Undergrad: 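One structure is given below, represented as structure tokens, and several questions about it will come after.
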There are 2 protein chains.
Amino acid sequence: MTKQRGQIVIDKILDTAERLFYTQGYCNTGINQVIDEADIAKGSLYKHFESKTDLMVAYLQRFHQRWYERIEQEISKTEDPKKKLLAILEYHGQRQHIREFGGCPFIKANNEAGMSDPRILAEIQQAKQRLKNLIKTLVSQSNHKKLMTDKELTETIYLMTEGGVAAASVFKQDKDLQAAKKILQKLI
Amino acid sequence: MTKQRGQIVIDKILDTAERLFYTQGYCNTGINQVIDEADIAKGSLYKHFESKTDLMVAYLQRFHQRWYERIEQEISKTEDPKKKLLAILEYHGQRQHIREFGGCPFIKANNEAGMSDPRILAEIQQAKQRLKNLIKTLVSQSNHKKLMTDKELTETIYLMTEGGVAAASVFKQDKDLQAAKKILQKLI
DNA sequence: AATTAAATAGACAAATCTGTCTATTTAATT
DNA sequence: AATTAAATAGACAGATTTGTCTATTTAATT
């Protein structure tokens with residue numbers, strides 16, 4: 001079963017949209033630039049996506065799925081729940097480095113287009129909630145020091161992750177995320 | 001000494017730009033909407049600001065100053081450094097409520113326009129650094145429990161603040177910031 | 001009161017934006 | 001091989017964008 005012709009076009013569009021929407025921003029990226037860099041015709045884009053907003057939604061949905069799969073894959077490298085928690089912070093630092101400290105794609109999308117379409121906000125909320133739930137599960141399995149409750153530790157880790165990525169986008173480095181990792185080592 | 005005519009115009013422009021750039025976003029706000037809602041002429045805007053980017057920079061500079069003054073005023077309500085630290089989290093929750101959970105103005109500006117002009121990123125970095133320094137000073141005065149070092153506690157508080165505001169913008173509520181406050185009470 | 005500076009309304013240019021449409025070519029399927 | 005569906009290039013509409021410019025009115029200053 002080889003790839004359908006249509007799927008190749010869709011993939012090229014979504015790949016390009018993902019790259020441009022993230023690096024330049026949704027508003028700063030025109031449809032014409034997307035079709036130019038994706039090397040497809042405008043008619044093809046509007047055959048598969050009703051509007052630019054729909055393209056944004058589709059990008060976020062696909063990104064949400066791939067993003068979560070990457071995190072799951074990353075923490076699967078160790079069995080220890082404590083190490084898995086540390087890996088989440090480590091991973092976010094690595095990703096921000098790859099992304100040249102452009103910040104969280106979900107937060108970016110939310111800031112620019114979160115209020116314009118309910119599907120956008122919903123997708124972002126679901127993604128963030130999944131991360132929270134993942135942390136919660138790992139915390140409950142971690143047998144941590146009980147310096148705080150499971151709920152509080154979960155919250156702390158989530159906030160340090162979110163804050164660390166934001167700090168990375170401001171200061172263009174990942175030392176806040178690295179610091180968060182060291183702090184977490186003391187807390188668990 | 002009453003207000004100069006020019007200053008009134010500048011204030012109206014900056015007030016409107018601040019409101020629209022935050023609620024709608026920089027890209028989603030046109031110069032024409034700014035002059036319409038500020039109720040001034042287009043020529044007046046371009047007399048005081050060379051470009052839309054310059055207006056953004058001026059908005060951020062004024063906002064940075066006022067923002068920091070508000071925080072200083074807020075924490076001046078108590079003498080206890082521990083309570084001052086808690087007040088920072090409390091204050092950010094209140095502000096996000098007022099802002100209808102639109103997130104951090106600096107992070108928003110950075111995501112949308114941080115790479116387009118070095119002055120924008122510089123202003124945002126300075127603002128965030130000031131917050132970090134403020135927390136650092138308060139931590140050093142707080143005589144906290146020493147569950148972690150001063151540096152680590154400072155980092156934790158900063159990250160929880162940054163992450164809490166981001167979470168507020170995603171989930172449209174301030175309970176993450178409230179949770180952060182309760183966690184901080186345990187840490188100090 | 002006369003002069004100077006600033007604010008105004010609004011036309012305008014030039015570029016860009018999203019989205020539509022047509023005519024043609026390419027590829028997959030029967 | 002014939003048919004059907006999809007991708008292409010590109011023109012086009014209509015709206016919107018930033019920024020400029022002119023002519024006029026308003027306000028402050030000498």
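What you see is a predicted model; the values in this text were computed from it and never measured. Proteins get letters first, then strands, A, B, ... in listed order; numbering begins at 1 in each.
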Undergrad: Measure from CD1 on B/Ile10 to C1' on C/dA5 and round the result to the nearest Å.
TA: 14 Å
Undergrad: Do B/Asp174 and B/Lys181 meet the salt-bridge criterion of a basic N to acidic O distance under 4.0 Å?
TA: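 Salt bridge: no.
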Undergrad: Select base, sugar-phosphate, or nothing to describe what A/Asp54 touches, counting heavy atoms under 4.0 Å on all strands.
TA: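 If one applies the 4.0 Å heavy-atom cut-off, A/Asp54 turns out to touch nothing in the nucleic acid.
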Undergrad: From the set C/dA6, D/dT18, D/dA7, return the single nucleotide nearest to any side-chain atom of B/Lys47.
TA: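 Closest nucleotide to the B/Lys47 side chain: C/dA6.
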Undergrad: Any idea which of D/dA7, C/dT8, C/dG19 is nearest the A/Lys52 side chain?
TA: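 Out of D/dA7, C/dT8, C/dG19, the nucleotide with an atom closest to A/Lys52's side chain is C/dG19.
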Undergrad: Any salt bridge between A/Lys52 and A/Asp117, counting N to O under 4.0 Å?
TA: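 Looking at A/Lys52 and A/Asp117, the cut-off is not met.
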Undergrad: Measure from the side-chain heavy atoms of A/Ala41 and tell me the nearest of C/dG19, D/dT8, D/dG19.
TA: D/dT8
Undergrad: Students often get this wrong, so: under 4.0 angstrom with heavy atoms, is B/Thr53 touching a base, only sugar-phosphate, or nothing?
TA: nothing
Undergrad: So, is B/His48 near the phosphate of C/dA6, with a side-chain N or O under 4.0 Å from OP1 or OP2?
TA: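 For C/dA6, OP1/OP2 do not have a side-chain N/O of B/His48 under 4.0 Å.
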Undergrad: For B/Tyr26 and D/dT18, give me the distance from atom OH to atom C1', rounded to whole Å.
TA: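 Whole-Å distance recorded here is 10 Å.
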Undergrad: In whole angstrom, give the distance that lies between atom CD of A/Gln24 and atom P of C/dT16.
TA: 14 Å
Undergrad: Quick check: on DNA chain C, is the nucleotide nearest B/Lys12 upstream (toward 5') of the one nearest A/Asn28, or the reverse? Name the residue that is more 5'.
TA: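 Whichever sits nearer the 5' end wins; that is B/Lys12.
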Undergrad: Write down the distance between CD1 (A/Ile31) and P (C/dC17), rounded to a whole number of angstrom.
TA: 10 Å
Undergrad: Expected output check: what is the dot-bracket annotation of DNA chain D, where ( ) and [ ] are pairs inside the strand (brackets for crossing ones), | is paired with another strand, and pairs are Watson-Crick or G-U under 3.5 Å?
TA: ||||||||||||||||||||||||||||||
Undergrad: Could you state the CD1-P distance from A/Ile13 to C/dG19, rounded to the nearest angstrom?
TA: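 In whole Å, C/dG19 P lies 14 Å from A/Ile13 CD1.
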Undergrad: Mind calculating the distance between CD1 (A/Ile40) and P (C/dT26) to the nearest angstrom?
TA: 18 Å
Undergrad: Can you check the B/Tyr46 OH to D/dT17 P distance for me, whole Å?
TA: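 Atom-to-atom, B/Tyr46 to D/dT17, this comes out as 11 Å.
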Undergrad: Calculate, to the nearest 0.5 Å, the distance between atoms CG and CD1 belonging to A/Leu184 and A/Ile157 respectively.
TA: 4.5 Å
Undergrad: If we ignore angles and hydrogens, is there a donor and acceptor under 3.5 Å between the side chains of B/Asn32 and B/Lys42?
TA: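 Short answer, yes.
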Undergrad: Using a heavy-atom cut-off of under 4.0 Å over every strand shown, decide if A/Asp36 touches base, sugar-phosphate, or nothing.
TA: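 No contact at all - A/Asp36 keeps every heavy atom at 4.0 Å or more from the nucleic acid.
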Undergrad: Should the pair A/Arg19-A/Glu37 be classified as a salt bridge under the 4.0 Å nitrogen-to-oxygen rule?
TA: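 So A/Arg19 pairs with A/Glu37 through a salt bridge.
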Undergrad: Grab the NZ-P distance between A/Lys42 and C/dT22 for me, whole Å please.
TA: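 The answer, rounded to whole Å, is 16 Å.
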Undergrad: Quick one about A/Glu162 and A/Tyr158 (side-chain donor to acceptor, distance below 3.5 Å, no hydrogens or angles considered), yes or no?
TA: yes
Undergrad: Decide, yes or no, whether a salt bridge links A/Glu152 with B/Lys186 under the criterion of side-chain N to carboxylate O below 4.0 Å.
TA: yes
